[in-house]
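Please read the structure below before turning to the comments.
Residue numbering restarts at 1 for every chain, and letters A, B, ... go by the order of the sequence lines.
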Amino acid sequence: MNDIFKLDEPETDFNPLDEAVDEFLKSSIPEPSFIDDLNPEQRQAVETTEGPVLVLSGAGTGKTKVLTTRVAYIIHQKKALPWQILAVTFTNKASKEMKSRLERLIGADAFSVWLGTFHAIGIKILRKFAEKVNLTSNFIVLGTDDQERLLKNLMQEAGVDIKKYTPAGLLEIIQRWKDKGLLPEQVTSAHQTTFCNGRALYFYKQYQQKLSSLNAVDFGDLLLLPLALFQSHPDILAHYQQQFKYILVDEYQDTNVAQYLLLRLLAKKYNNICCVGDDDQSIYSWRGAKVENILNFKTTFPDAVIIRLERNYRSTRHILGAASGLIANNSGRLGKTLKPANEKENQGEHVLVKGFYNGNQEAEYIVETIESEQKKGVLLSDMAILVRATFQTRLFEEVLMRHGVSYKIIGGFKFYEREEIKDAIAYLRLILNTDDDLAFMRIVNKPKRGIGPQAMDALEQTTREKHISLFDAIGWASLRPAVRKTLDSFVLTIKRARELLQTESPADVAKTLLEESGYIQMWRLDKSPEAEGRLENIRELYTVLSDFEDIQSFIEYTSLVMDTDENVTDDQLVVMTLHASKGLEFYEVFLAGWEEGLFPHQKTLDETGDVGLEEERRLAYVGMTRAKRKLTISFAHNRRMYGQWINALPSRFIEELPQQHIQTDTYFHRSEQQGYQASTPAWGCGYSGSRKPKRYGTHVQSFDFDDDVDTQQDERPVSRWDRESLTSTPSDYFIPRKQISYRTVASSSSRRVGRRVRHETFGAGTVVREDGERLDIRFDSGQIKKIMARFLEEE
DNA sequence: GGGTTGCCCGTTTTT
DNA sequence: CGGGCAACCC
């Protein structure tokens, strides 16, 4: 009976009476039953529909539940129609998940909600108003490889030394500008870089022009161009502002400036914006994300309500305690402590911290443990090995294979990033649009057709003279007869495939095209071991393609969605990076490779210092909070890297774990005779106060921040692992002090707590806390004083 | 135009 | 160690 009250269409002007109607409706509609599933905080987050709301949602506290229920609630309460709600996520996975959960709550209405990734929403808006930003609505979205190729061309034309200044580096800079919402003309000296003698901005301009002439955009443009559109066309902005009565944002801690600006613009009229996020899980700053967005929410939206979700439904007390203790070392947090949802919950096992002599033993131990867990009935798919860097997965792959454990590596190469898939897509792009020069360049000589730099030069010259595409230039350029012949037949193949589009299914067109062009044959003749796999991938592509109406939408899908749906059918163990693990959970988690230099990663420390260190710590926190019942953290003293043995010390994060929640276990060292032997727990847990472990004999000193180290800081570029300290065989644990690669860590000057210092009048002491340049020193006399760093010298 | 050699470099990566 | 790439030679 409430159906008679229909809300206004968005195009009509705002009518003050609507509010009265809304009020009335609200009071007359009973609370939906799905509200009962929520705890009090979640319920508040759902029911506080009006005004800005920030939901600080810790790991495992039910944020997706809050988001979906909130959408359902708004619709149920008839506060808005489904299409008046905008809900944005970061990943396709998250938006898919939300969509299906929403459907379970409210049925088909779920599909009318504007629910998708930022980029998908951006593309939707851009397609509609493409001509306002110098595009036509069938523009294509370029991937990284195309972007780099474009930039490389531009740079080479300008005579830049590609070795010194890489296209990838330039792309990075341009992307960061786009992340900030800056068009070329908006880049000011404040954003300038020294890259390429300050010519980065010039290339940015060129690049944008090139994109426009190709009728193409990149990922950054999917946010930047809508933003520009809104700025230059207030009427269009007003339309969307009017439409989106309620806005919901997932993973708010990972939004960049462009996304922030978009949200702020869109929310301006109704001011009903609900952002869900966790500042402690912000791990993408290197990709332009700004934690500040979430930290300053209250400033952006002054009347914001902040709701904390701290009841964790995932992990045991020990896991939560250890993770909380670790993250407490970060400064500038909004502050939040995870509590187990069930108070009576038993503590579970302590977090196990294990040290190994080398990486192989570490991997061996983890895999063996996994096997024994499996025997006890734990599914492989309930366990995960998480690592910092992708190269670490290789070792696990090897060991898992040897043990015959079924596994899956996530991260690394995505389906649509594989060479053969990108080639196949380039062929498809070319038949859809022969003006797609980038696609043309990619495959014109794949398979080899004898098209070398010379022929390409001829084509490019014709292109410039006649203002036509490379493909069309074939008919005009002066080419050697042999080249002419092969190119003419190439043109014919493409044109034939184009005609087939009318009659055949997308998959059949692709099959014919790739067969007739000789592309398939190229891999068939290839006798390298991976050729068969590539052919298989192409067959997989046909399968995916058969789900699409037309090739156009398939291409859009591939450019927006990175991977194919993983077949989750088998019981497989996953090995993946910490980054990739965000949002997932497992019964048992192994966090491997917690060593200084690797985790926290040296490059991060070198480049972004303490800020980077905190992000690494958040990454550790993300990893730890993936575990439901069991968590093992491990490190190895020696690790094979770049074909050499590298030695390192346990990660500082290990020391930061609160003792009461962890159990340190057997540590291996090399026995004098043969093989490796376990020794009794040398890896004590009693050194959290001072940095000196108490029970360890000579090697203890390696935990000290060395003193003479810092003197080197200025002369020597600090590389990740000190190459001079490399040895070709695994070094013993009792490493001569000079060889310890830890020195590079200390010299990064990223952290001073724990160091021994000397003050002119107060004498020697230890740094116990640091706050920028102000250090708290506990002097040997017992007194603690705040001293500026410049008055201290390293002892 | 195409194959080979030698040099450099080595995080994380939705969209 | 191993992939990618540019310079180099056939």
query = How many Å lie between CD on A:E398 and C1' on C:dC1, as a whole number?
reply = 13 Å
inquiry  = Using a 3.5 Å distance criterion without hydrogens, assess whether the side chain of A:D218 forms a donor-acceptor pair with backbone atoms of A:D221.
reply    = yes
request  = Pick base, sugar-phosphate or nothing for A:Q454, based on heavy-atom distances below 4.0 Å to the nucleic acid.
outcome  = sugar-phosphate
inquiry  = If stacking means aromatic ring centre less than 5.5 angstrom from the base's six-membered ring centre, planes under 30°, is A:F90 stacked on B:dT14?
reply    = no
Result of checking A:R429, A:K152, A:R442 against A:D146 for salt bridge (Lys or Arg N to Asp or Glu O under 4.0 Å) = A:R429
request  = With heavy atoms under 4.0 Å as the rule, sort A:E607 into base, sugar-phosphate or nothing.
outcome  = base
task = For the residue pair A:Y519 and A:W523, categorise the inter-ring angle as parallel (less than 30°), tilted (30 to 60°) or perpendicular (more than 60°).
result = perpendicular
query = Phosphate oxygens OP1/OP2 of B:dT12: is one of them under 4.0 Å from a side-chain N or O of A:T390?
reply = yes
N/O donor-acceptor pair, side chain A:R388 with base B:dT11, under 3.5 angstrom = yes
inquiry  = Tell me whether the ring of A:Y284 lies stacked over the B:dT12 base, given a 5.5 Å limit on centroids and a 30° limit on the plane angle.
reply    = no
key: A:I283 CD1 - B:dT15 C1' separation (whole Å)   = 15 Å
query = Can you check the A:W594 CH2 to B:dT11 P distance for me, whole Å?
reply = 20 Å
ask   = Contact class for A:K178 vs. all strands (heavy atom < 4.0 Å): base, sugar-phosphate, or nothing?
value = nothing
key: Least distance between heavy atoms, A:T89 atom then A:S95 atom   = OG1-CB, 3.2 Å
inquiry  = I'd like to know if the side chain of A:R287 and the backbone of A:D179 have a donor-acceptor N/O pair within less than 3.5 Å.
reply    = no
ask   = What distance separates A:R101 CZ from A:K96 NZ, expressed to the nearest 0.5 Å?
value = 15.0 Å
ask   = B:dT13 phosphate, OP1 or OP2: any side-chain N/O from A:T577 under 4.0 angstrom?
value = yes
request  = Describe the nucleic acid contact of A:T604 in one word from base, sugar-phosphate, nothing, applying a heavy-atom distance below 4.0 Å.
outcome  = base
message = So that I know where these two stand, are A:F599 and A:H601 an aromatic pair - ring centroids less than 6.0 Å apart?
response = no
task = Quick one: do A:E364 and A:N360 satisfy side-chain hydrogen bond (donor to acceptor under 3.5 Å, both in side chains)? Show the steps, please.
result = CA-CA 6 Å; A:E364 204 66 46; A:N360 298 9; over 6 Å; no
task = Can you figure out which of B:dT12, B:dT15, B:dG2 approaches the side chain of A:A389 most closely?
result = B:dT12
Stacking of A:H601 on B:dT11 base (centres under 5.5 Å, planes under 30°) = yes
task = Would you mind classifying the nucleic acid contact of A:A455 as base, sugar-phosphate or nothing, using non-hydrogen atoms under 4.0 angstrom?
result = sugar-phosphate
Of residues 142-151 of chain A, the positions that come close to DNA chain B - non-hydrogen atoms, cut-off under 4.0 Å = none
note = Residues in residues 256-266 of chain A with a heavy atom under 4.0 Å of DNA chain B, by number, are none
query = Relative to the ring of A:W177, is the ring of A:Y204 parallel (under 30°), tilted (30 to 60°) or perpendicular (over 60°)?
reply = parallel
